Amino acid sequence: MAESSYLTNHFLIAMPGLADPNFFHTVTFICEHDADGAMGLVINRPLDMRLDDVFEHMQLEASDPFIADLPVYQGGPVQPERGFILHQPLGQWEATMQVTEDTGVTASQDILAAMAEGRGPSRALVALGYAGWGAGQLEHEMAENAWLSGPADPRVIFDTPVEKRWEAAAALIGVDVKLLSGDAGHA
């Protein structure tokens, strides 16, 4: 697969017929995709948990009630006990995977401590777990019509209400997902 066809910094938009309960009607932000596989975070599956719950577990206290009340998302079925922060700007954190010039995914505790103190990134989505695909697995799923894909837009991640993200991500590529059939087919 040519490097230009990798889907880093793209949305994977679950097709209506994707029955896997981990991904039904989800939007996944692809953080990394290469010949070895892909890693992403589901951005529209909030858990019944707030960032303050994470802070409490880490024995941190939020200085800002707005930060404390941020939702925590189910980032995917892999390692659901592990936290990831998708954020802008990039910043200087201990364990950050750079996705774009200004977007990163950090899995170290220093970013959470900074967020609790009000020194964190200006935009952040906190997720537990991630979505992962082995070599060729995502390409196979794409060929089976499980996903739509298109360039990611930070406004969908950080500014769009969670219940509208699936439709908003599809609209970026000119698709109204409500009009799509749940039945897969091949020409």
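Just so you know, these numbers come straight off a predicted model, no measurement behind them. Residue numbers run from 1 in the order of the sequence given.
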Spacing of E163 atom CD and R165 atom CZ [to the nearest 0.5 Å]: 8.5 Å

CD1-OG distance between I30 and S149, expressed to the nearest 0.5 angstrom: 9.0 Å

Working for side-chain contact (heavy atoms from CB on, under 4.5 Å), residues V177 and L179: CA-CA 5 Å; V177 288; L179 298 179; over 6 Å; no

Contact check, side chains of L41 and V105, non-hydrogen atoms, under 4.5 Å: yes

Within-4.5 Å side-chain heavy-atom neighbours: L172 and F11: yes

Rounded distance (nearest 0.5 Å) linking atom CG of N9 with atom CD of Q98: 11.0 Å

P77 and F23, any side-chain heavy atoms less than 4.5 Å apart: yes

Of H140, E141, E139, the residue whose pairing with W133 passes side chain to side chain donor-acceptor pair (under 3.5 Å): E141

Hydrophobic cluster identity match, I111 and L70, side-chain contacts under 4.5 Å: yes

Evaluation steps, side-chain contact (heavy atoms from CB on, under 4.5 Å), between Q109 and L60: CA-CA 11 Å; Q109 293 183 8; L60 296 170; over 6 Å; no

Spatial distance of atom CG (L18) from atom CZ (F24) [nearest 0.5 Å]: 8.5 Å

Test item: T28 side-chain N/O and G40 main-chain N/O as donor-acceptor pair under 3.5 Å: no

Pair V99-E32, side-chain contact (heavy atoms from CB on, under 4.5 Å): steps then yes or no: CA-CA 7 Å; V99 181; E32 183 175 49; over 6 Å; no

Residue pair L148 / L180, side-chain heavy-atom distance below 4.5 Å: yes

Option passing side chain to side chain contact (heavy atoms under 4.5 Å, CB included) with F29 (candidates V156, L12, I43, D153): I43

Steps toward side chain to side chain donor-acceptor pair (under 3.5 Å) verdict (T106, H87): CA-CA 8 Å; T106 298; H87 58 88; 2.6 Å; yes

All pairs passing salt bridge (charged side-chain N to carboxylate O under 4.0 Å, His left out) where residues 44-68 contributes a residue, at least two apart: R50-D69

L47 reachable from M115 in the ILVMFWY side-chain graph, under 4.5 Å edges: yes

N/O donor-acceptor pair under 3.5 Å between N44 side chain and H25 backbone: yes

pair R123-L86: side-chain heavy atoms closer than 4.5 Å: no

Backbone of V42 reached by a side-chain donor or acceptor of T26 within 3.5 Å: no

Cluster check F158, M97: I/L/V/M/F/W/Y, side chain < 4.5 angstrom: yes

Flag side-chain contact, heavy atom, 4.5 Å: Q74 against P46: no

Residues, nucleotides or ligands: over 12 heavy atoms within 6.0 Å of E101 CD: no

Check: A35 main-chain N/O paired with Y6 side-chain donor or acceptor under 3.5 Å: yes

Greater than 12 external heavy atoms within 6.0 Å of E117's CD: yes

ILVMFWY cluster, V27 and L128 together (side-chain gap under 4.5 Å): no

Co-membership, hydrophobic cluster, residues V162 and L51, 4.5 Å side-chain: no

side-chain contact (heavy atoms from CB on, under 4.5 Å) evaluation trace for F84 with L125: CA-CA 8 Å; F84 298 88; L125 181 143; over 6 Å; no

T100 side chain to D102 backbone, donor-acceptor under 3.5 Å: yes

